Amino acid sequence: MANRCENVLRVSGNYNGLLKFDAQFRGNKYNSDEDYHFDNLYPTPRESVYSGVADWRREHWGVKGSFYEDSFACDKLCEGETEIYYYFETPWTGPKKLIEHISKEYKNLEFMLVCSEPGNGIYDLCIYSGGCLVSEEGLSEDDIKYWFGDDEETERGVKNG
């Protein structure tokens with residue numbers, strides 16, 4: 001079984017842009033959180049030169065599949081808000097290539113992806129805008145606690161205070 005990478009995706013910008021992005025992420029359905037999928041943002045081709053779907057997704061999304069369905073949650077976007085948060089887990093690492101790709105389509109939005117995968121020591125905060133990686137930095141222990149809570153301390157082997 002793959003290590004699970006916790007991710008927080010903050011999308012910020014104007015309200016109408018956020019509505020459009022959220023609708024696409026949901027596949028333009030409005031039933032439930034079950035409609036969200038990475039394929040809605042960057043569809044996996046039915047046929048490709050890659051040996052399989054997982055290879056294509058690793059190359060284009062940065063992960064071999066979408067998020068684990070049992071891990072997905074998102075904030076409700078209310079009238080006039082300027083940011084929305086999505087919480088999910090992916091296998092091994094965060095979907096950095098997917099977020100970079102989708103930021104090309106939504107040039108008026110900023111995408112911040114925070115990833116934590118203690119098994120491989122991945123603790124990153126990346127910001128994308130206009131299809132480009134604007135900033136990438138490692139997270140401090142305090143940052144990790146802020147984004148993912150204190151329960152991560154046990155998994156990382158950090159002693160309490």
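For this chain, numbers begin at 1 and follow the sequence in order. Only a predicted model underlies this, so the values are computations on that prediction, with no experimental measurement involved.
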Supply the atom-to-atom distance [X] [atom1] to [Y] [atom2], rounded to the nearest 0.5 angstrom.
| X | Y | atom1 | atom2 | answer |
| --- | --- | --- | --- | --- |
| Asp22 | Ile84 | CG | CD1 | 4.5 Å |
| Glu6 | Ile144 | CD | CD1 | 10.5 Å |
| Thr90 | Arg4 | OG1 | CZ | 9.5 Å |

Min side-chain heavy-atom separation [X]-[Y] under 4.5 Å:
| X | Y | answer |
| --- | --- | --- |
| Tyr106 | Lys20 | yes |
| Asp143 | Tyr123 | no |
| Trp92 | Val63 | no |

### Task
Anything under 30° is parallel, anything over 60° is perpendicular, the rest tilted; go ahead and classify His101 against Tyr42.
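Ring orientation of His101 relative to Tyr42: parallel.
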### Query
Aromatic rings Trp61 and Trp56: how do their planes relate, parallel, tilted or perpendicular, breaks at 30° and 60°?
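Aromatic pair Trp61/Trp56 classed perpendicular.
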### Query
Could you go step by step and tell me if Lys96 and Asp124 meet the side-chain contact (heavy atoms from CB on, under 4.5 Å) rule?
CA-CA 10 Å; Lys96 294 177 181 180; Asp124 294 327; 2.7 Å; yes
### Criterion side-chain contact (heavy atoms from CB on, under 4.5 Å) on Leu125 and Met112, from CA distance to verdict
CA-CA 7 Å; Leu125 186 150; Met112 181 182 73; 3.9 Å; yes
### Message
Could you go through Ile102 and Tyr128, starting from their C-alpha distance and side-chain angles, then the distance that decides it, and tell me whether this counts as side-chain contact (heavy atoms from CB on, under 4.5 Å)?
### Response
CA-CA 9 Å; Ile102 198 67; Tyr128 301 89; over 6 Å; no
Nearest heavy-atom pair of [X] and [Y]: which atoms, and what distance?
| X | Y | result |
| --- | --- | --- |
| Leu77 | Glu83 | CD1-O, 4.0 Å |
| Gly27 | Asn40 | N-ND2, 3.2 Å |
| Leu109 | Gly13 | CD2-CA, 3.7 Å |
| Gly94 | Cys5 | N-SG, 3.7 Å |
| Glu59 | Lys97 | O-CD, 3.1 Å |
| Cys115 | Leu139 | O-CD1, 4.1 Å |

### Query
Taking atom types as modelled, is there a side-chain donor on Asn7 or Tyr86 under 3.5 Å from an acceptor on the other?
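Not at all, the side chains of Asn7 and Tyr86 share no donor-acceptor pair under 3.5 Å.
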#### Entry: Phe88, Tyr36, Phe111 screened by ring pair (Phe, Tyr, Trp, His ring centres under 6.0 Å) with Phe25, the one that passes
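So the option named by the test is Tyr36.
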### Query
Would the number of heavy atoms belonging to other residues, nucleotides or ligands and lying under 6.0 Å from CD of Glu69 be above 12?
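Atom CD in Glu69 is not packed in, count stays at 12 or less.
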### Message
Taking atom CG as the centre, does Asn108 end up with more than 12 heavy-atom neighbours from other residues, nucleotides or ligands that are less than 6.0 angstrom away?
### Response
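Open: at most 12 neighbouring heavy atoms sit under 6.0 Å from CG of Asn108.
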### Donor-acceptor contact present, side-chain Asn14 to main-chain Asn16, <3.5 Å
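Such a contact is found between Asn14 side chain and Asn16 backbone.
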### Message
So does Phe38 get a backbone contact from the side chain of Ser66, meaning a donor-acceptor N/O pair under 3.5 Å?
### Response
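Yes, Ser66 side chain to Phe38 backbone: donor-acceptor pair under 3.5 Å.
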### Message
Would a single hydrophobic cluster contain both Ile122 and Leu9, if residues Ile, Leu, Val, Met, Phe, Trp and Tyr are joined by side-chain heavy-atom contacts under 4.5 Å?
### Response
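Different clusters.
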### Query
When you look at Arg57 and Asp39, which way does the salt bridge (Lys or Arg N to Asp or Glu O under 4.0 Å) test go after all the steps?
CA-CA 10 Å; Arg57 288 176 171 174; Asp39 268 321; 2.8 Å; yes
